[in-house]
Amino acid sequence: MGNFTAVVIDFETTGLSPGYGDRTIEVGAVLVSGNRIVDRFQSLMNPGMRVSGFIEEYTGITNTMLSTAPAIKEVMAQLKSFIGQHHLVAHNASFDSRFLDAEFKRIDHRRTNEFACSMLASRRLYPEAPNHRLETLVHYKKLKTDGVHHRALADAEMTAHLWLNMIADIKATYGVRDVPFKLMQQVTKVPKKGLHDFLLKKATQY
DNA sequence: TGCCAGGCCCTCTTTAGGGCCTT
């Protein structure tokens with residue numbers, strides 16, 4: 001078993017809210033198939049505005065680097081192709097989905113792909129973790145990392161490893177044979193107290 | 001021009017407030 005396929009995505013942006021003018025400055029995405037990463041996509045994007053000193057410091061992405069980067073719309077067209085019809089995963093997916101939808105809208109495209117959130121899943125599966133920031137979870141679960149944080153491709157890869165680790169833990173702990181995207185989506189929505197019984201019940205269905 | 005988020009989730013809740021996550 002293990003035909004799980006999804007694109008794990010991460011954006012670096014000029015701020016927190018596309019509704020107030022913030023734009024994307026970098027995207028990283030990895031195609032996960034079965035239990036491994038099989039393809040990668042990464043690009044900086046010129047947002048047409050200066051990014052703050054905070055963002056330069058937080059991401060290591062400077063205004064100089066962005067001055068020679070391709071326009072956002074060009075990268076979005078490539079990203080649209082990379083994503084295709086795959087399901088999507090992100091850490092705190094509400095954030096990345098808002099930016100993805102806002103930038104897609106600017107190229108007259110509307111997302112139909114479903115999202116699932118690794119943060120919501122980790123809060124249920126690893127309630128004992130110190131916190132549920134991506135960086136903390138990577139260390140807590142001893143996941144593969146190159147030590148880079150707050151860059152899009154590195155964060156997408158770490159999120160992918162976290163996602164695969166959660167799938168493996170569900171299989172090992174509950175004896176669920178296969179963990180499709182739909183089941184992971186349900187994990188992010190089931191009431192926290194009901195997760196244990198929910199997964200025990202699923203062990204007989206998958 | 002400047003405004004500056006939003007969804008989840010807990011609790012001393014539901015006629016609400018605040019911490020957690022993302023940049």
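Within every chain, numbering begins at 1; the chains are lettered A, B, ... in the order of the sequence lines, protein sequences first and strands thereafter. Note that these values count all heavy atoms, side chains included, but never hydrogens, waters or copies made by symmetry.
Contacts with DNA chain B (heavy atom under 4.0 Å) in residues 142-165 of chain A: A/His150, A/Asp155, listed by number. Residues of residues 125-138 of chain A that place a heavy atom closer than 4.0 Å to DNA chain B, in numerical order, are A/Asn131, A/His132, A/Arg133, A/Leu134. Listed by residue number, A/Phe54, A/Ile55, A/Tyr58, A/Thr59 are the residues of residues 51-80 of chain A with a heavy-atom contact under 4.0 Å to DNA chain B. Annotation: proximity of residues 99-113 of chain A to DNA chain B (heavy atom, distance under 4.0 Å) is found for no residue.
How far CH2 of A/Trp163 is from CG of A/Asn35: 15.5 Å, rounded to the nearest 0.5 Å. Summarising the geometry, atom NE2 belonging to A/His196 is positioned 12.0 Å from atom NZ belonging to A/Lys201; distances are rounded to the nearest 0.5 Å. Taken to the nearest 0.5 Å, the CE atom of A/Met45 stands 9.5 Å off from the CD atom of A/Glu12.
Residues passing the ring-ring contact (aromatic ring centres under 6.0 Å, His included) test with A/Phe54, sequence neighbours excluded: A/Tyr58. With sequence neighbours excluded, the residues forming a side-chain contact (heavy atoms from CB on, under 4.5 Å) with A/Arg50 are A/Asn63, listed by chain and number. The side-chain hydrogen bond (donor to acceptor under 3.5 Å, both in side chains) check on A/Ser52 picks up nothing, with sequence neighbours excluded. Qualifying ring-ring contact (aromatic ring centres under 6.0 Å, His included) partners for A/His161, counting only residues two or more places apart in sequence or in other chains: none. Scored by the salt bridge (Lys or Arg N to Asp or Glu O under 4.0 Å) test, A/Arg151 finds A/Glu26 as partners (sequence neighbours excluded). In this structure A/Ser97 satisfies the side-chain hydrogen bond (donor to acceptor under 3.5 Å, both in side chains) test with no other residue, sequence neighbours excluded. With sequence neighbours left out, A/Ser118 forms a side-chain hydrogen bond (donor to acceptor under 3.5 Å, both in side chains) with A/His91.
Summarising the local packing, CD of A/Gln78 is surrounded by more than 12 heavy atoms from other residues, nucleotides or ligands at distances under 6.0 Å. Atom NZ of A/Lys141 sits in a crowded spot, with more than 12 heavy atoms from other residues, nucleotides or ligands closer than 6.0 Å.
At the heavy-atom level, A/Gly19 lies nowhere under 4.0 Å from the strands shown. Within the nucleic acid shown, A/Arg23 has no heavy atom closer than 4.0 Å to any nucleic acid atom. Nucleic acid contact for A/Asp10: sugar-phosphate only, since backbone atoms but no base atoms lie under 4.0 Å from a heavy atom of the residue.
When the nearest nucleotides of DNA chain B are assigned to A/Ile25 and A/Asp22 by heavy-atom distance, the more 5′-ward of the two goes with A/Asp22. Projected onto DNA chain B by closest heavy-atom contact, A/Met119 and A/Ser17 fall at different nucleotides, the more 5' of which corresponds to A/Ser17.
With both ends at atom P, the span from B/dG17 to B/dT13 equals 13 Å, rounded to whole Å. Taking atom C1' on both B/dT22 and B/dC4, the two are 16 Å apart, rounded to the nearest angstrom. Nucleotides B/dG19 and B/dT15 place their C1' atoms 22 Å apart, quoted to the nearest Å. Comparing the C1' positions of B/dG6 and B/dT23 gives a spacing of 13 Å, expressed to the nearest Å. Between B/dA5 and B/dC12, the distance separating the two P atoms is 28 Å to the nearest Å. Rounded to the nearest Å, the gap between the C1' atom of B/dC20 and that of B/dG2 is 28 Å.
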Between A/Tyr140 and A/Asn131, is the side-chain hydrogen bond (donor to acceptor under 3.5 Å, both in side chains) condition met? List the steps. CA-CA 9 Å; A/Tyr140 179 70; A/Asn131 60 58; over 6 Å; no
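Side chains of A/Asp169 and A/Tyr174: no donor on one and acceptor on the other come within 3.5 Å.
The footprint of chain A on DNA chain B, defined by a heavy-atom cutoff below 4.0 Å, extends from B/dC4 to B/dT23.
A heavy-atom distance below 4.5 Å is not found between the side chains of A/Glu157 and A/Thr145.
In this structure, A/Glu114 pairs ionically with A/Lys182, as a charged nitrogen and a carboxylate oxygen lie closer than 4.0 Å.
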